[in-house]
Amino acid sequence: MDYKDTLNLPQTDFPMRANLPNREPQILQHWEEIGLNDKLESANKESGKSFILHDGPPYANGHLHMGHALNKTLKDIIIKSKRMQGFFTPYVPGWDCHGLPIELMVDKKLGKKKREMSKADVRRECREYAKEWVQIQSEEFQRLGIFGNWKDPYLTMSTHYEAQTARELAKLAERGSLFKGKKPIHWCSSCVTALAEAEVEYADHSSPSIFVKFPYVDALPAELSQLEGKTLNFVIWTTTPWTIPANLGICLNPELPYVVVEASGELLVLAEGLVESVMKTLGVEDFSIAATFEAAIFEKKNCKHPLYERNSKIILGDHVTLEAGTGCVHTAPGHGQDDYIVGLKYGLEIFNPVDDYGRYRDDLEIFGGMKLKDANPAVCEKLEEVGALLKQSEISHSYPHCWRCKKPIIFRATEQWFVGMEQNDLRKKALAEIDKVEWIPSWGRDRIYNMVEGRPDWCISRQRSWGVPITVAYCEKCGEDLCDGETMHYIADQFEETGSDVWFEKDASELLPPGTTCPKCGHDKFTKETDILDVWFDSGVSHAAVCEYRDYLHSPVDLYLEGSDQHRGWFHSSLLESVGSRDRAPYKAVLTHGFVLDKDGRPMSKSLGNVIKPEEIIKKYGAEILRMWVAATDYRDDIRLGNETLQRLSDAYRRIRNTARYLLGNLAGFDPATDMVADSELLELDRWALSKLSGLVKKVEQAYEKYEFHVIYHAVHNFCSIDLSAFYLDILKDRLYTSPKSSVEYRSARTSMYLLLDAITRMIAPVLTFTADEIWQGMPGEREDSVHLAGFPETMEQRYDAELEARYGQIQKVRAEVSKVLEKARAEKQIGQSLEAKVSLQVPESVKTLLEEYSEQLPSLFIVSQVELVDELADGADAEQLAGLKLKVQPADGEKCERCWNFATSVGENSEHPSICNRCAAALSAE
RNA sequence: GGGCUAGUAGCUCAGCUGGCUAGAGCACACGACUGAUAAUCGUGAGGUCGGAGGUUCAAGUCCUCCCUGGCCCA
């Protein structure tokens, strides 16, 4: 007879190969059908404990990249694990919808048509565009197996959100944080518009290059008293002579040595490192160093402006270098970024004498009304006239141009709105709040602290169309601005119905409260501010527009989780907005992840051609593998992604899947309600497996708690490979296959496997979202519709048995030595499979008692047919790692049992079954 | 240039407050099995712990400098 039919071999429909790219969509469909998402969103609602992770909104433009996938998957893993721990975890995904990139895309699409369109029309186009991408990205996120409130996400362009954004602005105004200041921006005088960095193109341009003397007018510092009575001339160099009328300072580098050079009877001041090159340029051969000094001795002293009756202050700044010029940098705070920042520091006026059309304002002395293109020669001529011009030549260099009209642009200060860092003590309060937040990893605290500590006032003005307007009105007559909270709230309330489009569609008189008059002059006609808000302000108010607004959420929330660039972005703007309006941070904890890099650690970019898209991974390996990548890596640092990594993960996935499949196969027909054995009846090996499982459960739970998912991946994978597949399950086969179904041996094994599979499936569910549910569907017993509706395994502390594990640890050491000698025997063709062997051992005292105690089980544990313990093994081989252990392999005694494949002397004893051992014969009769 | 941060086998990770010949899994090589079979088991070969100094009886682990990356600023 064919004894194979009498064995309990595994049986399952669960496929070995997942074919994830095809299977996942089916599982998604199934979830859709059972309404899983909705159930999850309200799960544990009554539990009294909630965990709110507030989603940072991705920008609604373009397909998802790996950064998005990493971020959302991490959030999803956290939410799933918290939900399985019994927390109420509503998750509202969001999108950032306003802003320049979308406006630019729409511009491009519209082309010339845009000129005939009103701002309101353009905004409608932008809205449509953003809406389309929200839809696309939403589907792409869902394909990754990310659960959430996809039916009702938050959009920063929704009517309520825009209303709340305007309200938050009003709150800051009420609290005195809002003020109007000047700041230089790129400006195209031809298009009469501000340009963002993205709209600036750099191209070669020819400019005058001039060296100009600024005579020093204050008393000489003591260090230079030897020059008393002589006139020092600070020499500046510039390629934009037209900015000379706006000069208010001369900046030196505090770290560099400076010198006074005596040349052609004049004393010139410049950086020591530039003397040679400057003298050469000026054509001076005869010169000498009259003095050397540190820049700091001149800080806040003055030179006289060469053209005007005013001073030019000497200041210090790190941005001054020896790359070009003289080391004395002409500073016009209204016309340069560095100039602006250093100017703020020294309290210089942000002076801009240039109007929107690129002309000097009429009130500017000497040059008033002149067009800038005529200004360069005019300024040079005047400088020459007053004897301040040392040298003039032409230079070709890279210069910013307008992307649309291709003409050179200028940098010029305009009036803009700011949220002040000192007003209302915002900086101080924000820093204090930073210290109350838990930053994970902890260095996040230093990172954001240093940024907030050193940042300038927050410029919230953007000269654009697609965004929430800065809801300030100006008196038509006297220019007074209505930026008090009252009118701003009145306007914001109107957005609730219509969105902020109404600002662009209606007249100021319709938007302001009836009867509004100018508090200064009493006039009753107003104009509207045309600037819109920085998009960082939009997303920065989400704590109010989403978390406070929705009744099932609250603020501050438990966690914000974004890439580490958001210390300067969303974490930062949210903090400032929330502290500015509410005096507290909007989050209790902030977790950051690193950036996705290619296999060599370089950023992914189109030009490098090293981009891996989520879509490609999903198509080739499945979303599950992408999720596993997220979990397998320590994301706190930057993480690399290459094909080898994906291949390895795919292999690891198969290992886990196969372990589950094998367990499922052996649980065919198992009914936990009737087939489980009581704990007291469990065989020792099974108790060992469950003890190991309890350790795994503990480790995994702690890792979820600390958001250390790579620990989980390694722990689960090692458990499946080492503890289960290579040891426990391998040994179990014999018992499992050959024991009678009714026997406690068989039932004990299945009880253990059932508990193992149940626990593992629950533990991997947050990561292997699809596969865990697939396993779940195939598992016996009464259970929830989806593993995601179930909880984590109960604590298994009571199953932990340290002593048992220690004993097995010893046995495993011996087992490893046995494997080695078996391998040798195999190489010498003495045996094939290990059951063909009998192993003789001479054991050292350290393990002697233990092994004698286990002598009966040793053949099973070693998967050989016989083990004999002998006192003296003269011809045995020494063990490699265990001193005193000697081993010898011989062919097993007896014949091979046709049923269980063990060799036994009892084969042939049973006349009814002459080809099987008596253990198998007994098993057959027990059936 | 500044703030923060990283560099342990081909890949992903362990190595706590310094202490045995630096570990694991996967990949790789070789072998076994054919009752987990495009699976499973076994054995083996892989690392001057980014580099150079230093402290110490002893350093992957502490200190200094350097190199190569990343993010954010300038």
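Heavy atoms of A/D634 sit under 4.0 angstrom from primed sugar atoms or phosphate atoms, though from no base atom. Using a 4.0 Å heavy-atom cutoff across all strands shown, A/P603 reaches sugar-phosphate atoms only and no base atom. Using a 4.0 Å heavy-atom distance criterion, A/R455 is classed as making no nucleic acid contact. Residue-level contact check: A/G665 touches neither bases nor backbone, having no heavy atom under 4.0 Å from any strand. A/W901 comes within 4.0 angstrom of a base, heavy atoms only. Counting non-hydrogen atoms under 4.0 angstrom, A/R899 reaches a base of the nucleic acid. The residue A/K599 sits apart from the nucleic acid: no heavy atom pair falls under 4.0 Å.
Within the structure, a side-chain polar atom (N or O) of A/R655 is placed less than 4.0 Å from OP1 or OP2 of B/U40. Considering only side-chain N and O atoms, A/Y662 lies nowhere under 4.0 angstrom from the phosphate OP1 or OP2 of B/U37. Listed pair A/K820 / B/G42 fails the phosphate criterion, with no side-chain N or O lying under 4.0 Å from OP1 or OP2. Proximity of A/H710 to the phosphate of B/A14: a side-chain N or O atom is located under 4.0 Å from OP1 or OP2.
Using the Watson-Crick or G-U wobble rule with both distances under 3.5 Å, B/A32 pairs with B/U40. If you check B/U64 for Watson-Crick or wobble pairing at under 3.5 angstrom, you find it paired to B/A52. Searching all strands for a Watson-Crick or G-U wobble partner of B/C26 with both distances below 3.5 Å returns B/G10.
Of the C1' atoms belonging to B/A22 and B/U48, the separation is 13 Å, rounded to the nearest Å.
Between A/E823 and A/R826 a salt bridge is recorded (basic side-chain N to carboxylate O distance below 4.0 Å).
You'll find the side chain of A/L591 reaches within 4.5 Å of the side chain of A/Y635, heavy atoms only.
A/R447 contributes no side-chain N or O that forms a donor-acceptor pair with the base of B/C72 under 3.5 Å. The base of B/A36 has none of its N or O atoms less than 3.5 Å from a complementary donor or acceptor on the side chain of A/T659.
A cation-pi arrangement, defined by a distance under 6.0 Å to the six-membered ring centre and an angle within 45 degrees of its axis, is present between A/R445 and A/Y449.
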